[in-house]
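A quick write-up on the structure given underneath.
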Amino acid sequence: MGLLLGCIADDFTGATDLANNLVRAGMRVVQTIGLPDAPIPDDCNAVVIALKSRTIAPEQAVKQSLAALQWLQEQGAQQMYFKYCSTFDSTAQGNIGPVTEALMQAMGCDFTIATPAFPDNQRTVFKGHLFVGDQLLSDSGMKNHPLTPMTDANLVHVLQAQCQRQVGLIDYRCVAKGVHAIADRITELKSQGISIAVVDALSNDDLLRLGPALADMPLVTAGSGVAIGLPSNWGIQPAADSAKLPAARGQQAIISGSCSLATQGQVAHFVAQGGAAYQLDPLAWPSDTPPADIATQVVNWATAHMASSPVLVYSTADAEQVKSVQAQRGTQHAGEHTEQVLALVAQGLVQHGVSQLVVAGGETSGACVQALGISQLTIGAQIDPGVPWCYAPSRFAPSGGLHITLKSGNFGSADFFTKAFQFLHQAAHP
Ligand code: ADP
């Protein structure tokens, strides 16, 4: 079938979120970290290129996105998808508007949509206004976000302020009427000189009605929700096969650098079940201890314990402990030093035969993926909402690759660290 959908995501975990939705809708998907440096598998229907362009300067975000577009065009992708956050995270200058316009310009595209709606995750758009659960975006916690505070829930306004082109609205009444009404509305908006439309969506049904109306649109811009309605435009239906990964072998480990509440609960649960666990206390070593020295000691401990059951290495701590570490070591130093130690532990464990790895924490995941030299992930089945198993080639793995799942802080049930491995085993032997 060749490459159907080419996706450009403005951050790493957002890319996984999109890839996960596409796989659930039946596509075979590969996620790459930055611009791909290796060929993608022949059977892959969609590529999601993960950039880190959400909060960088707009010119940089545009440059990186255009490079990604060019690569996807060269691979023959039939439709492009610019993915941003379901809370429309952007700075006052962008980057959603500038990147959208640059992609439209480069593709010679005269109309696109913009909707972060993701009803499964409580993100809905009504009359152009974004709701987070029951609250308007501007009343939600997003108003205090350190990098991208969102103080206006009216997305037509927010996007218009970032764009030269005119922004309009396709409202919920039109979406409810389905594909023909949406097509008529697009024609009407175009005749008014509008070239970007925010689209209301209150439910998955709305997104599924929207899908067919986008079949001939060269560029779609959205959160991950719109993805559920696109694969059927190519006759693709949900199928267990799309999430198929190689059979899992080798030893099992969990690396946790997340200090989020959900992760604290998962660590406590694993320890309470009698799992082998190593607590990495950042204050246990002098601050100038090379991360590699600490990692060697941890890997030695782990290799003695991991023969028959998963091992957990965690720096996860509660807010009070984290504050105390940050007060003594500085917030940035504490964070980066811990990430480096955990990333080298991940690398050492994989070299020693771990090939089923759970990583908890967004930043921690980024550091581990980098230390493992991973540039491409094939997306498998979802363990918990938004958290799929993946398979990634890595030069550190004796077998050439490993199964890895990257869990961002607040995701996953309390028993995630044990459930994840059982799930992988069941997926291989249904
Ligand atoms: P989350 O997804 O939960 O936000 P991240 O990995 O993105 O998790 O962020 C956690 C940050 O906290 C990382 O920079 C990590 O190195 C740092 N960290 C982890 N453990 C500790 C600790 N005990 N004290 C201080 N900082 C820590």
Side-chain angles (χ1 to χ4, degrees), residues 9-17 20 33 50 52 54-55 85-87 89 121 141-142 144-148 253-271 277-292 294-295 297-298 312-347 357-372 374 383-388 390 404-414 416-417 420:
D10 70 353
D11 90 335
F12 186 90
T13 45
T16 308
D17 180 11
N20 186 51
I33 317 298
K52 216 170 176 302
R54 185 170 294 168
T55 55
C85 189
S86 66
T87 39
D89 297 14
N121 230 353
M142 281 305 296
N144 298 319
H145 191 281
L147 301 174
T148 53
I254 306 136
I255 304 274
S256 178
S258 158
C259 298
S260 298
L261 281 177
T263 311
Q264 290 181 37
Q266 288 152 355
V267 168
H269 186 274
F270 183 88
V271 172
Y278 186 106
Q279 182 177 15
L280 190 75
D281 174 3
L283 297 178
W285 286 271
S287 68
D288 56 356
T289 312
I294 304 173
Q297 293 182 41
V298 180
L312 164 66
V313 175
Y314 67 102
S315 65
T316 306
D318 65 25
E320 214 165 293
Q321 293 167 293
V322 171
K323 254 193 213 139
S324 142
V325 172
Q326 289 175 336
Q328 294 182 57
R329 296 283 160 92
T331 302
Q332 198 175 348
H333 179 271
E336 286 173 3
H337 195 264
T338 306
E339 282 167 34
Q340 283 169 23
V341 173
L342 291 174
L344 290 171
V345 170
Q347 194 189 73
L357 183 67
V358 173
V359 185
E363 295 298 324
T364 308
S365 292
C368 289
V369 161
Q370 195 178 16
L372 291 168
I374 290 174
I383 310 159
D384 267 332
V387 199
C390 307
I404 184 166
T405 180
L406 308 168
K407 186 197 82 72
S408 74
N410 270 319
F411 283 6
S413 60
F416 187 88
F417 291 164

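First listed ligand is number 1; within each ligand, the first listed atom is number 1. The first residue in the sequence is number 1, and the count goes up from there.
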Next item on the list: Side-chain contact test, heavy atoms from C-beta onward, threshold under 4.5 Å: evaluate it for Lys407 versus Thr263 and give yes or no.
Entry: yes
Note to self: Under the side-chain contact (heavy atoms from CB on, under 4.5 Å) test against Ser256, which residue among Val359, Leu342, Val358, Leu312 passes?
What the structure shows: Leu312
Notebook entry, point to check: When you measure from the side chain of Thr405 to the backbone N and O of Pro388, does any donor-acceptor pair fall under 3.5 Å?
Noted result: yes
Check: Under 3.5 Å, side chain of Gln279 to main-chain N/O of Val313, donor-acceptor pair present?
Finding: no
Check: Protein residues near ligand 1, heavy-atom distance below 4.0 Å?
Finding: Gly257, Ser258, Cys259, Ser260, Pro282, Ser315, Ala317, Val322, Val325, Gly335, Thr338, Glu339, Gly361, Gly362, Glu363, Thr364, Gly409
Check: Got a sec: does the CD of Gln264 have more than 12 other heavy atoms crowding it under 6.0 Å?
Finding: yes
Item checked: Results of salt bridge (Lys or Arg N to Asp or Glu O under 4.0 Å) for Asp17 - residues two or more places apart only -> none
